[in-house]
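Report on the following structure.
Being a predicted model, the structure only gives us computed values, none of them experimental. Read the numbers this way: they start at 1 and go in the same order the structure lists the ligands and their atoms.
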Amino acid sequence: MSTSLFDISGRVALVTGSSRGIGRAIAEGLLDAGAVVVLNGLDPQRLLDTHRELVGRYGAERVHARAFDVTDGASTAEAVDWVEREMGPLDILVNNAGIQHRVPLLELEQADWERVVSTNLTSAFLVGREAARHMIARGRGKIVNIASVQADLARPTIAPYTASKGGIRNLTRAMTAEWAQHGLQINAIAPGYIHTEMTQKLVDDPQFNEWILGRTPAHRWGTTADIVGPLLWLASDAAGFVNGQVVFVDGGMTVVV
Ligand code: NDP
C-alpha cells in the first residue's frame, strides 16, 4: 500500500484552540507531517508564546497564528479570509476550541449554558461554514470536529458540555448531508479523558483518577499524542470515503459498562 495516501505535506490547516492542549498537539502533528499550520486561541499572549516556540522548530513559513474568538461570526469570517489570502487554499479545518464548566444543572446560569454551547458547538458551525464556502468552490476539503465521549455519555455537573458535544456529533452529520456531495469529508474525533489543562483538576483528584483507570479498558488517561494519528488519517486522502463518522479515541471507555 502506498504511504502517499497519507501524505499531507504542503496542505494548509487551521486548528482552532491550538495555543495549548489537544489543539496544540494536533497542530504539532500536522507540522510533523509537513503541513502549513495556522494556530488560533483567545489569549493573544499564550498564542504568541506557542507561535514563537513552534516557529523556532518548524520555521516561519510553515507556522502562522491568528487570535480570534471562534464564537464571533465576523471575526471568524475575517480570519478564514485571511488564511485563504495569505497562506493559500485552506485544505484542513480542525474545530477543536472548547471549554468546560462544572456545576449541577439546577444551579446552572443561562449565561454559562450559552457560553459553553457557543464555544463548543456554535463555533464549529461558524468556522465550518466559512471554511466550507471556500472548500466547496474547489470541490475538496477536510473538516474534523473535536467531540468527546460526552457526545454519547452523560455525567452529572457537565450538562452544557454534554449537550454541546452531542450537538457536534449531529452537526458533523448535518455538514456531511449538505457538503459531502461537493467533495468534502467532515468527520469527528471523540477523545476520552485526556490529560490537559482542562482536566488537570480531575487528574489531581485521587478518587476521580482511580475511577478513570477502572472505567477505561486501557487503564490509563489518554495523552494529547493519542489524538494525532486518527486526526492525520481523517485529514488525509486515505479517508476519502469516510463521511460523517465519529471516531472514538477513548481507550475503550464507551464500549464497556
Ligand atoms: P484546553 O483548555 O487545554 O485548551 C482549549 C483551547 O481552546 C485553548 O487554546 C483556548 O485558548 C481555546 N479557546 C477556548 N475558547 C476559545 C474561543 N472562544 N475562541 C478561540 N479559542 C478558544 O482544552 P483541551 O485541549 O483539553 O480541549 C480541546 C478540545 O478537546 C475541546 O473541544 C474539548 O472539549 C475536547 N476534549 C477534551 C478532552 C480532555 O480530556 N481534555 C476530552 C474530550 C474532548 P485560550 O487559552 O486563549 O483561551
Side-chain angles (χ1 to χ4, degrees), residues 14-29 37-51 53-54 65-76 78-80 93-102 112 114-128 144-153 155 158 160-169 171-172 188-205 208-209 212 215-216 220-228 230-231 246-251 253-254:
L14 167 62
V15 185
T16 68
S18 45
S19 55
R20 60 183 167 144
I22 291 174
R24 178 178 168 150
I26 288 172
E28 290 183 32
V37 172
V38 182
L39 306 167
N40 155 261
L42 205 48
D43 176 345
Q45 190 54 51
R46 181 176 291 134
L47 184 64
L48 199 68
D49 291 346
T50 302
H51 182 224
E53 209 185 308
L54 296 187
R66 176 124 176 164
F68 64 93
D69 183 345
V70 291
T71 68
D72 179 331
S75 311
T76 292
E78 274 169 31
V80 172
L93 166 66
V94 184
N95 280 315
N96 165 80
I99 55 171
Q100 178 61 284
H101 180 74
R102 293 187 178 90
D112 288 324
E114 282 167 3
R115 189 167 53 86
V116 174
V117 171
S118 71
T119 307
N120 294 3
L121 177 58
T122 310
S123 62
F125 153 63
L126 291 173
V127 190
V144 183
N145 298 319
I146 303 301
S148 159
V149 289
Q150 266 85 36
D152 252 19
L153 305 173
R155 229 188 113 65
I158 56 168
Y161 187 86
T162 304
S164 67
K165 294 300 184 178
I168 283 285
R169 172 189 268 274
L171 177 63
T172 301
I189 289 179
Y193 282 79
I194 310 291
H195 185 175
T196 67
E197 286 186 38
M198 186 188 270
T199 53
Q200 188 59 49
K201 274 192 201 146
L202 304 178
V203 174
D204 293 340
D205 176 343
F208 194 91
N209 186 52
I212 284 288
R215 184 69 184 76
T216 308
R220 67 169 174 88
W221 284 78
T223 66
T224 55
D226 288 324
I227 309 303
V228 173
L231 184 285
V246 181
V247 179
F248 284 82
V249 183
D250 64 354
M253 177 179 264
T254 47

Go through the steps to decide whether Leu14 and Val127 satisfy the test side-chain contact (heavy atoms from CB on, under 4.5 Å), and finish with yes or no.
-> CA-CA 10 Å; Leu14 167 62; Val127 190; 4.2 Å; yes
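- Here atom 31 (C) of ligand 1 lies nearest to Asn96 when heavy atoms of Asn96, Val70, Val203 are compared.
- Arg24 has a carboxylate O that lies under 4.0 Å from a charged side-chain N of Glu53, or vice versa, which qualifies the two as a salt bridge.
- Of the protein's non-hydrogen atoms, Gly17 CA, 3.5 Å is the one closest to atom 12 (C) of ligand 1.
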Apply side-chain contact (heavy atoms from CB on, under 4.5 Å) to the pair Val94 and Ile146, showing each step before the final yes or no.
-> CA-CA 7 Å; Val94 184; Ile146 303 301; 4.1 Å; yes
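- The Thr199 neighbourhood of ligand 1 comprises atoms 39 (C), 40 (O), 41 (N), with distances under 4.0 Å to a heavy atom of that residue.
- To the nearest 0.5 angstrom, His101 atom NE2 is 12.0 Å from Ile158 atom CD1.
- When only non-hydrogen protein atoms are considered, atom 34 (O) of ligand 1 lies nearest to Tyr161 OH, 2.6 Å.
- In this structure, a donor-acceptor pair under 3.5 Å is absent between the side chains of Thr254 and Asp152.
- Protein heavy atom nearest atom 46 (O) of ligand 1, with residue, atom name and distance: Arg46 NH1, 2.4 Å.
- Between Gly41 and ligand 1, no N or O atom pair is found at a separation short of 3.5 Å.
- For atom 40 (O) of ligand 1, the candidate residues are Val249, Ile194, Ile26; the nearest heavy-atom contact is made by Ile194.
- Atom 27 (O) of ligand 1 has its closest protein heavy atom at Met198 CE, 3.9 Å.
- Backbone and side-chain nitrogen or oxygen atoms of Tyr193 are examined, and none is located within less than 3.5 angstrom of a nitrogen or oxygen of ligand 1.
- Interface of Ile146 with ligand 1, defined as ligand atoms under 4.0 Å from a residue heavy atom, comprises 30 (O), 35 (C).
- Near Asn40, meaning under 4.0 Å from any of its heavy atoms, are these atoms of ligand 1: 20 (C), 21 (N).
- A search for salt bridge (charged side-chain N to carboxylate O under 4.0 Å, His left out) contacts involving Asp69 returns nothing, not counting sequence neighbours.
- Looking at ligand 1, you'll find an N or O of Ile22 within less than 3.5 Å of one of its N or O atoms.
- What sits closest to atom 13 (N) of ligand 1 on the protein, heavy atoms only, is Ala97 CB, 3.9 Å.
- The shortest contact between atom 48 (O) of ligand 1 and any protein heavy atom is with Leu42 CB, 3.7 Å.
- Taking only nitrogen or oxygen atoms, main chain and side chain alike, Thr196 reaches within less than 3.5 Å of ligand 1.
- Aromatic ring orientation, Trp221 versus Tyr193: perpendicular (interplanar angle above 60°, classes split at 30° and 60°).
- Between Asp112 and Arg115, at least one side-chain N (NZ, or NE/NH1/NH2) sits under 4.0 Å from a carboxylate O, which counts as a salt bridge.
- Annotation for Thr76 and Val70: closest pair OG1-O, 3.7 Å, computed over non-hydrogen atoms.
- On a distance-only criterion, Asp43 and ligand 1 share at least one N/O pair closer than 3.5 Å.
- Atom 15 (N) of ligand 1 has as its closest protein heavy atom Thr119 CG2, 3.6 Å.
- In terms of polar-atom proximity, Ser148 is not counted as a contact of ligand 1, lacking any N or O under 3.5 Å from an N or O of the ligand.
- In terms of heavy-atom proximity, Val117 sits nearest to Pro160 at CG2-O, 4.1 Å.
- Annotation for ligand 1: atoms under 4.0 Å from non-hydrogen atoms of Gly21 are 3 (O), 25 (O).
- Here the protein heavy atom with the shortest distance to atom 42 (C) of ligand 1 is Gly192 O, 3.0 Å.
- Residue contact annotation: His195 has no non-hydrogen atom under 4.0 Å from ligand 1.
- Remark: among candidates Gly98, Ser19, Ala27, the nearest residue to atom 9 (O) of ligand 1 is Ser19, based on non-hydrogen atoms.
- Contacts between Phe68 and ligand 1, counted as non-hydrogen atom pairs separated by less than 4.0 Å, involve the backbone only.
- Using a 4.0 Å cut-off between heavy atoms, Asp69 contacts ligand 1 through both its backbone and its side chain.
- Across Ser18 and Leu39, no two heavy atoms sit closer than the pair OG-CA, 3.2 Å.
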Assess whether side-chain contact (heavy atoms from CB on, under 4.5 Å) is satisfied between Gln150 and Asn120, documenting all intermediate values.
-> CA-CA 12 Å; Gln150 266 85 36; Asn120 294 3; over 6 Å; no
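- Across all their heavy atoms, Phe248 and Ser148 have their closest contact at CE2-O, 4.1 Å.
- The distance criterion of under 3.5 Å between nitrogen or oxygen atoms is not met by Gly23 with respect to ligand 1.
- For the pair Arg46 and Ser19, the tightest heavy-atom approach, listed with the atom from each and the gap, is CD-OG, 3.8 Å.
- Across all non-hydrogen atoms, the minimal contact from Thr119 to Ile99 is OG1-CD1, 3.6 Å.
- For Ala147, every heavy-atom contact with ligand 1 shorter than 4.0 Å involves the backbone, none the side chain.
- Of the heavy atoms in Gln150, none comes closer than 4.0 Å to ligand 1.
- Classification of Arg20 and Asp43 as a salt-bridged pair fails, no side-chain N sitting under 4.0 Å from a carboxylate O.
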